[in-house]
Structure formats: C-alpha cells, structure tokens
Amino acid sequence: MSTKKTMSLTTKVLIGMGLGIAVGLLINLTNLDTEHSFIHEYLVNGLFHTVGKMFVTALKMLVVPLVFFSLITGVLGIGDIHALGKVGAKSFGLYMLTTAIAIAMAITIAATLGIGEGVNMSSTVVFTAKEAPALSAVLIDIIPGNIVNAMAEGKMLQIIFFSILVGISILMVGKKAEPAVELIEIGNEIMMKMVNIVMAVAPYAVFALLAKAIANLGLELLVNLAGYVLVLIAVLLIHLFVTLMTVFKVFSSMSPKIFLTKMRETQIFAFSTSSSNATIPVTLRTVTDRLGVNNSVSSFTVPFGATINMDGTAIMQGVATVFIANAYGVELGITGYLTVIMMSVLASIGTAGVPGVGLIMLSMVFTQVGLPVEGIGLILGVDRLLDMVRTAVNVSGDAAVSVIVAKSEGKLDESIFNDPDAGTLTDDDLDIPDDAKRDMAEMVQKTHDKE
Ligand code: ASP
C-alpha cells in the first residue's frame with residue numbers, strides 16, 4: 001500500500017490549512033488581489049470561492065437529515081425517557097455554565113487591561129441593531145408549527161424537538177414499529193457514510209476557504225485594532241486550553257491531551273467554515289467515532305450544543321463590550337456587566353451557530369444595556385478572522401460537554417477514546433467493498449425477476 005493511501009484525513013487537512021494560509025498571505029501581502037485583477041477574478045473570487053462555497057453547502061446539505069436520523073436512533077438507543085431527560089438537563093446546565101464562565105472571564109480580563117481606552121471611535125460602518133427576542137418567543141419557537149418548514153429553514157431546536165418526539169412515539173408503538181426502526185437506523189448509517197464522502201474533499205476545500213479568507217483580510221485593520229484582537233484571541237485560547245480542559249478533566253477524568261489531539265480536525269473545519277452548524281456532521285462523527293461517545297448521547301448533545309452553546313462567541317461579546325464601553329467612555333458598572341453576562345447567555349439559546357451571528361447577538365446585548373450600537377462598526381472589519389477562531393472554540397465546548405455527559409451516564413467507550421487511531425478516516429474508507437457490490441447486484445436482479 002502506498003503512503004498516500006494511508007495518510008489520514010487529519011494530516012491532509014492540516015496540510016490544506018497550512019498551504020491555504022500561506023497562499024492567502026502571499027496574495028494579501030503582495031497586493032495581488034486588486035479589483036479586476038486575474039488573481040481576484042479567477043482565483044480568490046473564482047476558484048477558491050467556488051470550491052469553498054460548494055463544500056460548505058455540501059456540509060449544510062448533510063445537517064438536517066443527519067440530525068433527524070441520528071437523533072431518533074439515539075432516542076431509541078436510550079430507550080428511556082427519564083435517561084433522555086437527564087442527558088438534556090446535564091448538557092443544558094453545562095452549556096450554560098461554561099458560557100457564563102467564558103463571558104465572565106472575558107469581561108474581567110478585558111476590564112483589568114482597560115482595553116479600548118483612548119481609542120478613536122470614528123467608524124464609517126453602520127451597524128443596525130436587532131432587538132433581543134423575548135424569552136417567551138424563544139420558548140414558543142422550539143415547537144415547529146410545520147416540520148417541513150423547520151427542516152427547510154434548518155431550525156435546529158425545532159428539528160431536535162420533533163426528532164425526539166418521533167423517537168419517543170416509536171418507542172410507544174413498540175414491536176409494530178420495527179420496520180420504522182430499521183429504516184431510521186439504516187438512514188443514519190447512510191448519512192454517516194455520506195459524511196465520509198463529503199469529508200474526503202475537505203483538504204482541498206479547507207485550502208480554498210482559508211486562502212480566500214486570508215487573502216481578503218484587512219491586515220492593516222488587524223494592526224490598528226491589535227489590542228482588541230490580541231486580548232480576544234488570548235482569552236479564547238485560555239478558555240479552550242485552561243478553563244474548558246479543567247472542567248473536562250474534573251468532570252470526566254479523561255485525558256485533555258487526547259481530547260485536544262482528536263479535536264484538531266473538527267476545529268480546523270470550524271475555523272475554515274466559521275459555522276458550528278455546518279460543522280455538525282464533522283463534530284458528530286468525531287465525538288462518536290473518535291472520542292467514543294455513544295450515539296444516544298452525541299446525537300443530542302452535538303446539534304443542541306451547536307445551537308445553544310457558544311463559549312467563543314460569549315467571550316467575543318465580553319471583550320467587545322468592555323472595548324466599546326471604554327472607547328465611548330461609558331461606565332457600565334457591576335449591574336451593567338451582569339446584565340451583559342445574562343443577556344449573552346440567553347441570546348446564545350435562540351441563535352444558530354452560523355457565520356457572523358455573534359455580532360448580531362452583540363447588538364442585542366448593546367440595546368439592552370444602552371451601549372451605542374454603532375460602536376460595533378469599530379470591530380466589524382476584524383470580525384471575519386475572529387469569527388473563525390471563536391467558532392473553533394464553540395465546537396470544542398460542544399464536544400467536551402458531550403464527553404462529560406456521556407461519561408456520567410456510562411455511555412462513553414473509553415477504549416475508543418484512548419485509541420489514537422479510532423475513527424481516523426483514510427482513503428480506504430471510501431472504497432465500496434466488492435462483496436457489497438455483488439450483494440447489491442443480486443438484490444437488484446431479484447427485484448427485477450419479481451417484476
Ligand atoms: N460563527 C459562530 C458559530 O457558528 C457564531 C458567531 O460567533 O458568530 O459558532
């Protein structure tokens with residue numbers, strides 16, 4: 001077997017990432033990407049844009065059917081409504097707790113460093129605020145009035161709610177529902193195979209996504225806002241490597257080192273796509289196949305986390321609030337900051353993990369505490385890069401909580417977690433086995449004969 005054949009996907013994705021960043025920087029620093037230039041028209045906005053967009057769209061294509069089939073399979077796997085409630089309550093509690101810790105830490109560090117003081121607040125970008133939805137509206141919105149609509153719009157909480165109900169109802173029907181159980185289990189297996197197929201092109205797509213993103217970054221803006229950018233990235237890293245990993249170790253007693261190594265690929269996906277939602281198929285695969293979390297837990301905690309758990313986004317909101325409050329000379333005080341913490345945690349429940357949504361949530365928080373929403377214009381220019389970093393932190397939180405909850409429920413396969421090779425994807429995984437081809441041909445023939 002050649003080495004190429006056995007190179008794991010993680011290695012290839014890492015190479016794609018490195019090359020993408022290098023090419024993006026080259027284009028950016030040499031100013032090759034000027035309007036109407038060949039590089040701009042055909043490479044950055046042509047090839048890179050197309051390949052990247054096709055890939056992200058393919059990932060999104062997987063999300064709804066995958067969550068639907070895997071969550072029903074998960075409910076059937078748990079088979080007990082009480083246990084399901086426990087998984088729900090534990091993950092909800094941990095998601096809220098980690099998000100609250102994240103934003104509190106962000107505010108404390110940013111305020112201690114006094115970031116934003118003396119910053120010139122003239123901003124040319126206009127940012128319009130969005131009203132925060134009332135808690136009642138968020139709750140009502142969990143119920144899908146029309147499931148087809150919910151699926152078409154990818155409304156994750158509604159899809160989760162419906163899938164759990166379907167699972168419970170199948171359990172209630174019992175033996176008679178066996179064909180439905182089989183259909184759904186096979187549906188889940190087919191969708192997981194489809195994830196493998198889409199992931200196989202990831203190295204090229206990651207290259208294209210990063211080359212485009214880095215080529216388009218306003219590097220001078222990054223330098224101008226260096227204080228904000230550096231503090232934010234530092235807090236994101238502290239949260240990922242210290243806070244989250246301490247919570248992980250204390251609650252699961254599993255190795256943070258193994259967790260972080262196995263999460264690298266998923267983090268790169270999140271980093272390149274800036275969307276926890278689009279990353280769901282990859283997170284689900286990693287958490288289940290590589291970290292050993294039973295599908296009955298991961299099928300719920302992963303899509304649920306992608307929607308309601310956003311530690312990285314909360315950190316951005318904390319740092320941005322302090323930065324803009326200082327820039328505008330507004331004194332928020334303890335009550336103001338507590339409101340910010342509460343609002344950010346609440347806002348994260350109703351908003352999906354898609355690119356740039358953090359800024360919209362920030363505008364909700366600002367309206368609530370009376371900070372100037374136009375201040376968001378100050379940080380808009382650098383948000384593209386920061387969105388990438390915080391999305392990687394967001395998905396890491398989803399996965400860490402999944403492992404913790406699984407461990408506490410006796411649903412973690414520790415031998416999979418500790419096996420460095422478990423679930424790694426190689427080219428061989430994409431082969432269609434000869435006996436499968438033969439069986440399939442026979443089955444088709446049989447159906448023909450019957451007709
Ligand atoms: N892009 C982030 C995510 O999908 C959300 C945000 O912070 O804008 O998790």
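As the structure lists them, so they are numbered: ligands from 1, and atoms in each ligand from 1.
Those atoms of ligand 1 with a heavy atom of S275 less than 4.0 angstrom away are 4 (O). Short contacts between ligand 1 and G356, defined as distances under 4.0 Å to a heavy atom of the residue, involve ligand atoms 8 (O). Contact atoms of ligand 1 toward V354: 1 (N), 2 (C), 4 (O), 5 (C), 8 (O) (distance under 4.0 Å to a heavy atom of the residue).
Contacts with ligand 1 closer than 4.0 Å are made by no heavy atom of M316, backbone or side chain. Residue V357 touches ligand 1 through backbone and side chain together, judged by heavy-atom distances below 4.0 Å. Neither the backbone nor the side chain of L359 comes within 4.0 Å of ligand 1, counting heavy atoms alone.
For a threshold of 3.5 Å applied to N or O pairs, the pair formed by N394 and ligand 1 contains at least one separation below that value.
Of the options S276, A392, G358, the smallest heavy-atom separation from atom 4 (O) of ligand 1 is shown by S276.
Side-chain contact check for K262 and T286: no donor-acceptor pair (N or O, by modelled atom type) lies under 3.5 Å.
At distances below 3.5 Å, at least one donor-acceptor pair connects side-chain atoms of N28 with backbone N or O atoms of I214. In this structure, T391 contributes its side chain and T273 its backbone to no donor-acceptor pair below 3.5 Å.
Distance from atom 1 (N) of ligand 1 to its nearest protein heavy atom, with residue and atom name: D387 OD1, 2.7 Å. Among protein heavy atoms, atom 2 (C) of ligand 1 sits closest to T391 OG1, 3.3 Å.
Partner of S274 under the side-chain contact (heavy atoms from CB on, under 4.5 Å) criterion, chosen from D387, L209, V389: D387.
Residue I147 holds its CD1 atom at 9.5 Å from CG of L165, rounded to the nearest 0.5 Å.
Note: F207 and F48 meet the aromatic proximity criterion, with ring centroids under 6.0 Å apart.
Within 6.0 Å of the CD atom in E189, the count of heavy atoms belonging to other residues, nucleotides or ligands does not exceed 12.
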